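Owing to the predicted nature of the structure, the values given are computational and were not obtained by experimental measurement. Every heavy atom of this structure was used, including side-chain atoms; hydrogens, water molecules and symmetry mates were not.
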Amino acid sequence: MKKDTVGKPTITQLPTPGGHRTGNSESTPLIKSLATHCPPPPRTGQSADAEDRTVRVKLQEGDGRWLRSRSLTYLPVKVIPPQAFRGLNEVMKIEISQSDSLERIEANAFDSLLNLSEILIQNTKNLVYIGPGAFTHLPRLKYLSICNTGIQTFPDVTKIFSSEFNFILEICDNLYITTIPGNAFQGMNNESITLKLYGNGFKEVQSHAFNGTTLISLELKENVHLEKMHNEAFWGASGPSVLDISSTKLQALPSYGLESIQTLIATSSYSLKKLPSREKFTNLLDATLTYPSHCCAFRNLPTKEQNFSFSIFENFSKQCESTARKPNNETLYSAIFAESELSGWDYDYGFCSPKTLRCAPEPDAFNPCEDIMGYDFLRVLIWLINILAIMGNLTVLLVLLTSHYKLTVPRFLMCNLSFADFCMGLYLLLIASVDSQTRGQYYNYAIDWQTGSGCSAAGFFTVFASELSVYTLTVITLERWHTITYAVQLDQKLRLRHAIPIMLGGWLFSTLIAVLPLVGVSNYIKVSICLPMDVETTLSQVYVLTILIFNVVAFIIICACYIKIYFAVQNPELMATNKDTKIAKKMAILIFTDFTCMAPISFFAISAAFKVPLITVTNSKVLLVLFYPINSCANPFLYAIFTKAFQRDFFLLLSKFGCCKHRAELYRRKEFSAYNSKCKNGYTGSNKASQSTLKLSTLHCQYSAVLDKTCYKMY
C-alpha cells in the first residue's frame, strides 16, 4: 500500500489482499486539487499513520473485495467542486471535519456514489453554502450528518433517493438556519427515517415540511428559538412515533398528524402552555412534559381503537384473567372461538398485557386534576356570593359617600371595611369567571392562568382584602369598646384625626402583605385559587406564619372586646332580661362571622407553612366559597344595611332621583321630631338624675348603637 504524504488529507485506493487496486486507478478531481495546491502541514511528532486519520473498515463482499472509509480532517480547501468524489464507488463512508478553510460544497459534489452509506460534515464553521443537489443519487446512504457549520439555508436532501430502512438525517448546531421549508425531505428516502434536527437556529417549521416521509422519530429539541410549527407541518407524512420538542419556545403543536405519536417529550418547553385536544393523541403511550397539569389531559384518555378487531377482543380482559395460569395462551383463544375458526391464525401473546399511558410529571396535592371549582354546587354558590358581596358593599360605599351627614369616625371606618369587602367580591368574581371559561379543560389553561397576570391580580385582591377587612374589623371593635368605656370622658373620644393615621397604617400593612408574593416571597401560582401557599424557602414560611399570627391575634382581640362590652352594659337596672338575650345573640353573630372568615385563613396558613396539608385543595375550595367570604357578605348587612340610620340615608338618597319620596319624608319628620324632643328635654328636664344614672344612660345609648350596628352618630 502506498503511503500518503504525511499530514496530507487525500483519498487513495486501498489494494485488495492480492495486491490489485479496487475501483478506478485514476485520482478524483478533489485528489488532484489537493495534491497540486496543498502543501503538507508541518509534522507534529505523531506517526504518519495517525496524522493520515484514515479509518479502514474491512467489509467482505461476495467477490472477496475489501472496502474502506476515509476521514478528511482539517481539509485545506475552500470549495468541494461538482463530481469531487467521482469514481469512488466502493467507498462507504466519507467524513469531512475540523476544517476552517472549507466554505462551499457545490451541487453534485456527492453524486452517484452507489455504495456510500455514511456522510459526515462536522465542525466546519466557515462552511456557508451547500448547493442544491449536492447529495444526489445515493441509494445506499443510511446516515447523513451536517453539524456545527455556518450554512444559512436548510440543505437540499431531496435528491438522495436512498432506499435504506431507518435512514438517519442529523442536522445539528447550525445556528444560522432559521426555517425548515415545505417538502424539505421529499425524495430523500422511500423507507422509514429518523430526523435529528436539534440545536439549530430554527424559528419556524413551515407547512408540509415533512411531506412524503415515513417518520420513526423526530427530534426538534434544543432549538431554543423555535416558536412556530405550522398546523399542517405533518401533512402528507406518516408518523412520527416519537416527537421530542424539549427546550424550545413552541407555543402550540400542530393539530394534524399527532395520531401516530406514541412517545411525546416536551421537557423545559415553558412556552407550550396548551396542548391540542387529547383525542388527537390516539396512540400515545408515554409523555414526558413540562407542566404537571398537562398530564391531567391524558387521564381517562380513551385508548380503545374503534375497529373490528376491538369489537372482537373487547372481552379479552376477562378471559385473560381466567386463563392466566393456563400452560399456554392458545387456550385463551379456544375459550372464545371454535377450533375451526382458529386455524391459520397467528397468536399475539402480548395482547393480554394492558397498554397504559405513562405521563410525567404527575399532578401534586396542590394541583389535582380538576377544575378551579371542583364541585358543581360551588359554581352556583360562588356566583351568588360574589354578586352579593359586590352589590352589598358597593351600595354601602355609595350611600355613605353621598350622605349629607358629617363624616364621623364610625362612618369613616365603615367606608374602609366596605372597600375591603368589595375587593374580596372582585376576587371571587375573577375566580368564578375563569372557572366558567375553563370548565372541563382547565388543564389546558392552568399554566396561563396561574402564571399570568390574572392569577396575580386575584391573589393580590384576596390577600389585601382579607387583611384590610380583619384590620378594620379590629379597629371598629376597639373603637366601640373605647367609646363605651370612656363614655363620659369626652376628651378621650376618638376623633377623625386619630382614625385616619390608624387606617393608613392598615392600608400600608395590607398592601405590603399582598405585594410580597409578587416579588418572590411565596407566590400566587402554587394553586388554582391563587392563594400564597408556596413555602419552599424559609422567608416564605415566615411570611405565611405572619399572616396566620396576625389573624389569630385579631380574632382574640375582637372576642375580648365584645365580651368586655357585654359585661359593661349588663346591668339589671339598665335593661331587661330580654335585652341581655338580644345582646348575647348579636354578639354571637359577630363573633361567629369573624371566626368562620378567619378559620379558613388559618387552615391554609398552617397547611402551607408546615407542608402537611390539613385539608386537601379540593376540600379547601368548599371553605373558600362557603366560609372565607362570609365577612364580605355579612359586614354590609350587619354593620349598615340592617340599621335604621343606613335605611334613612338610603331612602333620602333615592328621593333625590324621584324614588321613594313618601318614605324619605317619613324619615325627615321622625328626625325633626327627635330633634325637637331633645331640645325640649335639654331645657326643661329634671335635675334629679344622679351622676351614676347619667353614666348608665350614656352607656345604654352608646351600646344601643352597637346593637343596631349603625356605626353612625345620630343627630
Side-chain angles (χ1 to χ4, degrees), residues 1 4 7-14 21-35 38 49 51-59 61 65-127 129-131 133-149 151 155-157 159-164 167-172 174 188-189 196:
M1 180 181 66
D4 297 329
K8 185 181 295 184
T10 61
I11 300 180
T12 59
Q13 299 299 315
L14 181 70
R21 305 178 65 87
T22 61
N24 195 336
S25 61
E26 297 181 1
S27 299
T28 67
L30 177 62
I31 297 171
K32 292 179 179 179
S33 175
L34 290 174
C38 300
D49 289 339
E51 291 182 10
D52 190 38
R53 293 177 177 85
T54 300
V55 181
R56 291 173 172 80
V57 181
K58 187 168 70 172
L59 297 175
E61 292 186 335
R65 295 194 176 191
W66 301 87
L67 305 178
R68 64 173 184 174
S69 67
R70 171 68 68 174
S71 175
L72 302 179
T73 310
Y74 303 106
L75 190 65
V77 296
K78 291 185 176 181
V79 179
I80 296 181
Q83 306 295 328
F85 302 97
R86 184 182 60 196
L88 300 182
N89 293 328
E90 306 300 334
V91 174
M92 298 186 64
K93 177 180 179 181
I94 297 177
E95 177 180 358
I96 301 173
S97 63
Q98 309 295 336
S99 176
D100 294 330
S101 301
L102 185 61
E103 297 178 359
R104 298 172 63 89
I105 298 177
E106 300 292 350
N108 301 111
F110 299 87
D111 181 24
S112 301
L113 301 174
L114 303 183
N115 287 302
L116 187 62
S117 63
E118 295 184 29
I119 299 176
L120 291 84
I121 303 172
Q122 299 175 339
N123 301 317
T124 54
K125 294 184 178 181
N126 292 323
L127 176 62
Y129 176 78
I130 297 180
F135 309 97
T136 306
H137 191 52
L138 305 171
R140 301 191 64 178
L141 190 65
K142 295 181 179 180
Y143 179 54
L144 172 59
S145 175
I146 304 174
C147 293
N148 196 17
T149 71
I151 58 176
D156 179 18
V157 294
K159 300 177 182 178
I160 293 178
F161 305 127
S162 172
S163 58
E164 293 293 325
F167 179 93
I168 298 176
L169 174 65
E170 182 181 39
I171 297 179
C172 62
N174 301 292
M188 181 177 68
N189 181 274
K196 298 183 177 183

What's the spacing between [X] [atom1] and [Y] [atom2] if we round to 0.5 Å?
X	Y	atom1	atom2	value
Leu113	Ile94	CG	CD1	5.5 Å
Leu138	Arg140	CG	CZ	12.0 Å
Ile151	Ile130	CD1	CD1	4.5 Å

Would you check, one step at a time, whether the test side-chain contact (heavy atoms from CB on, under 4.5 Å) holds for Leu75 with Thr124?
CA-CA 9 Å; Leu75 190 65; Thr124 54; over 6 Å; no
Applying salt bridge (Lys or Arg N to Asp or Glu O under 4.0 Å), name anything that partners Glu170, two or more places apart in sequence or on another chain.
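Not a single residue meets the salt bridge (Lys or Arg N to Asp or Glu O under 4.0 Å) criterion with Glu170.
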[Y] versus [X], side-chain donor and acceptor atoms under 3.5 Å:
X	Y	answer
Asn126	Asp100	no
Glu164	Asn189	no
Asn174	Thr149	yes

Is the shortest side-chain heavy-atom distance between Asn148 and Gln122 below 4.5 Å?
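No. Closest side-chain heavy atoms not under 4.5 Å.
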Taking side chain as C-beta onward, heavy atoms only, is Gln83 less than 4.5 Å from Asp111?
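Touching, per the 4.5 Å side-chain cut-off.
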The test is side-chain contact (heavy atoms from CB on, under 4.5 Å); show your working for Leu120 and Tyr143 and say whether it passes.
CA-CA 8 Å; Leu120 291 84; Tyr143 179 54; 4.1 Å; yes
Under the side-chain contact (heavy atoms from CB on, under 4.5 Å) test, which residues partner Tyr129, sequence neighbours left out?
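Once residues adjacent in sequence are excluded, the partners of Tyr129 under the side-chain contact (heavy atoms from CB on, under 4.5 Å) criterion are Arg104, Glu106, Pro132.
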Phe85 and its side chain to side chain contact (heavy atoms under 4.5 Å, CB included) partner, picked from Ile119, Val91, Ile80
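Result for side chain to side chain contact (heavy atoms under 4.5 Å, CB included) with Phe85: Ile80.
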If you compare all heavy atoms of Leu169 against all heavy atoms of Met188, which two are closest, and at what distance to 0.1 Å?
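Shortest heavy-atom separation between Leu169 and Met188 comes out as CD2-SD, 3.8 Å.
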